[in-house]
Amino acid sequence: MIDVKLLNRNFDEVVARLQKKRVSEELLSQLRDRYLKFKNLKSQLEEAQAEQNRKSKLFQTYIREKKDITNLKKEVSENKKLIAQLSEKVKEAEKLLEELLYSIPNLPHQSVPDGVDENDNVEIAKIGTPRQFQFEPKPHYELGEKLGWLDFERGVKLAKSRFTAIRGMGARLERALINYMLDHNRKCGFDEVSLPIVTNAKSLYGTGQLPKFGEDLFKIEGEELYLIPTAEVTLTNLFADEILKSDDLPIQLTSATPCFRKEAGAGGKDVRGIIRQHQFYKVELVAITKPEESYQMLDKMVECVSSLLSNLGLPHRKVELCGGDLGFSASKTVDIEVWIPSQNRYREISSISNTEDFQARRAKIRYRDGKKNRLVHTLNGSSLAVGRTLVAIMENFQNENGEIEIPKVLERYL
RNA sequence: GGACAGAUGGGUGAGUGGUUGAAACCGCACGCCUGGAACGCGUGUGUAGGGCAACCUACCGAGGGUUCGAAUCCCUCUCUGUCCGCCA
């Protein structure tokens, strides 16, 4: 979450910065009011508590000196009522404050370009050149069905739409990709971990999926548990409520997991093929750094992902997201988009974000900097969305007969 | 799933109603000692919020209760450990 003290002190600055994310001044003004109200009530409560403590201590001496305590008792029980009333009010005020605070997105970094949606994103680099086809390239779903790699009907039979059965060489290729990606990420300095793929509400609050985006999560019936929408949640929350040692930073982790998303509101988008599924494998990168090192880490992560695509021989580009397209928790995001021949355009295959201290504040991830405890910065990025990588390989490396050439780097994984 | 035990600061661990936010030890930081280090000695060292200085408030798994006052008593829940059962 954002720093409410910063909002209180530098209101205009925060308003200006959050304008990029189209957060209204009214909302922020309301937030500030709630904060001030909470603060005010809280100090009233604390004053009453201090009074209570002072009086309570008198009992000992009164009793020792055999003084009458009936009056004192009366005073104290009066004050007790006041405390009860005030703490109710404080609780209420705090709840109102937190409700709002938890739903305000992160401040974008100063360098984030202005803009409304993805059309305003800024291309920063193009790597590789899209191949010139001597024939009409087929979409992956046609290739996949013909090859027996993608069985859409049977996937739907097992679950519902947007679930797919991947078979034969398709399944083997998926597994090879995961292994290749993990090995690559390890060379970039990211330690492999294996974590639960279900997680609790607290963790989802920590990384910002809750409270605002609950409708996109699969919840397990009868449990306070959800299927993870991304390993970012578990990887980052691994250190929730901890104070890390300065020497332990940066922490760099990678993990391959299935991800589950309801894709609420994506109705009609990418209905054919496996670009947008309810379940997909993703290899994730997460880094936890000191504040002054986080942007260096962002660059490093972008390079790690870009080189992965280059090694696979896939043309791609780096795009800097504009304010309007920036995610809830992100301060700055670089998307990596891969060339999809059948659509004749680049599509997102990775999204790498620095959330600065936004998630750290929510999840209470700190480190000891000399004598002080400071919030860390957290970063996350896909490396890569496996299903979409499979799509890219199929489409980019297809021949006229509908066969797929396997990238050389994957050979030893098959 | 059944039975029992437990949950205290970075760690081990004391503490059964009142100057205990918490002994002791370890760790850590700083200083002294040393040519340098180890050892030794000394000082400091929980988190969060408010004043942003003195200081005040809350927190001893979570929530509620008893009491003028609770880490300490009562209730509920969660988690952990051990044994039994079941099982990949």
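Every chain is numbered from 1, with letters handed out A, B, ... down the list of sequences.
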- prompt: Say you pick atom C1' in B:rU20 and the same atom in B:rU8; how far apart are they, in whole Å?
  reply: 12 Å

query: Heavy-atom count around A:Lys89 NZ within 6.0 Å, excluding the residue itself: above 12?
result: no

- request: Among B:rC68, B:rA48, B:rG49, find the nucleotide with the atom closest to the side chain of A:Phe59.
  value: B:rC68

- prompt: If we call it a pair only when both distances are under 3.5 Å in a Watson-Crick or G-U wobble match, what pairs with B:rC52?
  reply: none

Same-atom distance (C1') from B:rA71 to B:rC32, integer angstrom: 38 Å

- prompt: Between A:Arg54 and B:rC68, is there a side-chain N or O to OP1/OP2 distance below 4.0 Å?
  reply: no

Phosphate OP1/OP2 of B:rC56 contacted by A:Asn53 side-chain N/O (<4.0 Å): no

Separation of B:rG49 C1' from A:Arg361 CZ (nearest whole Å): 14 Å

- prompt: What is the distance, rounded to the nearest whole Å, between atom CG of A:Asp3 and atom C1' of B:rG49?
  reply: 13 Å

- request: Check the distance between B:rG49's P and A:Leu101's CG and give it to me in whole angstrom.
  value: 13 Å

query: RNA chain B: A:Lys39 or A:Lys57, which has the more 5' nearest nucleotide?
result: A:Lys57

query: With a 4.5 Å heavy-atom cut-off, do A:Thr257 and A:Glu284 have their side chains touching?
result: no

- prompt: Watson-Crick or G-U wobble partner for B:rA88, using a 3.5 Å limit on both distances?
  reply: none

- prompt: Looking at A:Phe218, is A:Lys262 sitting on its ring face, NZ or CZ under 6.0 Å from the six-membered ring centre and within 45 degrees of the normal?
  reply: yes

Watson-Crick/G-U partner (both atom distances under 3.5 Å) of B:rC4: B:rG81

- request: Using the P atom on both, measure B:rG65 against B:rG81 and round to a whole Å.
  value: 32 Å

message: Just to be sure I understand the rule, does A:Tyr35 reach a base, reach only the sugar-phosphate, or reach nothing, if contact means heavy atoms closer than 4.0 Å?
response: sugar-phosphate

message: Output the rounded distance in Å from CD (A:Glu78) to C1' (B:rG69).
response: 18 Å

message: Under 4.0 Å from OP1 or OP2 of B:rU47: is there any side-chain N or O of A:Lys364 that close?
response: no

task: Report the distance from atom CD of A:Glu224 to atom C1' of B:rA62, rounded to the nearest whole Å.
output: 15 Å

Listed nucleotide nearest any side-chain atom of A:Ala50, set B:rG50, B:rC56, B:rC68: B:rC56

query: So, is A:Lys91 close to the B:rG64 phosphate, meaning a side-chain N or O under 4.0 Å from OP1 or OP2?
result: yes

Any donor-acceptor N/O pair, A:Asn401 side chain to A:Glu403 backbone, under 3.5 Å: no

For B:rU20, the Watson-Crick or wobble counterpart (both distances under 3.5 Å): none

- request: Evaluate the ring planes of A:Tyr102 and A:Tyr205, with Trp represented by its six-membered ring, and classify them as parallel (under 30°), tilted (30 to 60°) or perpendicular (over 60°).
  value: perpendicular

Return all side-chain donor-acceptor pairs below 3.5 angstrom for residues 327-335 of chain A, not counting sequence neighbours, or 'none' if the list is empty.
from, atom 1, to, atom 2, distance (Å)
A:Ser329, OG, A:Thr207, O, 3.0
A:Ser331, OG, A:Leu107, O, 2.8
A:Ser331, OG, A:Glu356, OE2, 3.3
A:Lys332, NZ, A:Ser111, OG, 2.7
A:Lys332, NZ, A:Glu320, OE2, 2.6
A:Thr333, OG1, A:Ser353, OG, 2.7
A:Asp335, OD1, A:Ser351, OG, 2.7

query: Nearest-Å distance, CG (A:Asp247) to P (B:rA29)?
result: 9 Å

message: Base, sugar-phosphate or nothing for A:Lys81? Non-hydrogen atoms, less than 4.0 Å.
response: nothing

field: B:rC86 versus B:rC79 - spacing of their P atoms, nearest Å
entry: 24 Å

field: Pair assignment for B:rA38, Watson-Crick or G-U wobble, requiring both distances under 3.5 Å
entry: none

message: Please confirm whether the shortest side-chain N or O distance from A:Asn79 to OP1 or OP2 of B:rC68 is below 4.0 Å.
response: no

Watson-Crick or G-U counterpart of B:rU47, or none if no pair lies under 3.5 Å: B:rA58

query: What is the base-pairing partner of B:rC33, counting Watson-Crick and G-U wobble geometry with both distances under 3.5 Å?
result: none

task: Give the intermediate values and the outcome of salt bridge (Lys or Arg N to Asp or Glu O under 4.0 Å) for residues A:Glu337 and A:Lys318.
output: CA-CA 6 Å; A:Glu337 300 180 340; A:Lys318 302 176 194 168; over 6 Å; no

statement: To the nearest angstrom, the CZ-P distance between A:Arg9 and B:rG50 comes to 9 Å

query: Does B:rG69 have OP1 or OP2 sitting under 4.0 Å from an N or O in the side chain of A:Lys73?
result: no

- prompt: A:Arg368 side chain N/O closer than 4.0 Å to the phosphate oxygens (OP1, OP2) of B:rU47?
  reply: yes

message: For A:Phe38 and A:Leu45, find the nucleotide of RNA chain B closest to each by heavy atoms; which residue's nucleotide sits nearer the 5' end?
response: A:Phe38

Spacing of A:Glu46 atom CD relative to B:rG49 atom P, expressed in whole Å: 12 Å

task: Give a yes/no on whether any side-chain N or O of A:Asn40 is located under 4.0 angstrom from OP1 or OP2 of B:rG50.
output: no

C1' gap between B:rC30 and B:rC77, integer Å: 45 Å

- prompt: With both distances under 3.5 Å as the test, what is the Watson-Crick or G-U wobble partner of B:rA71?
  reply: none

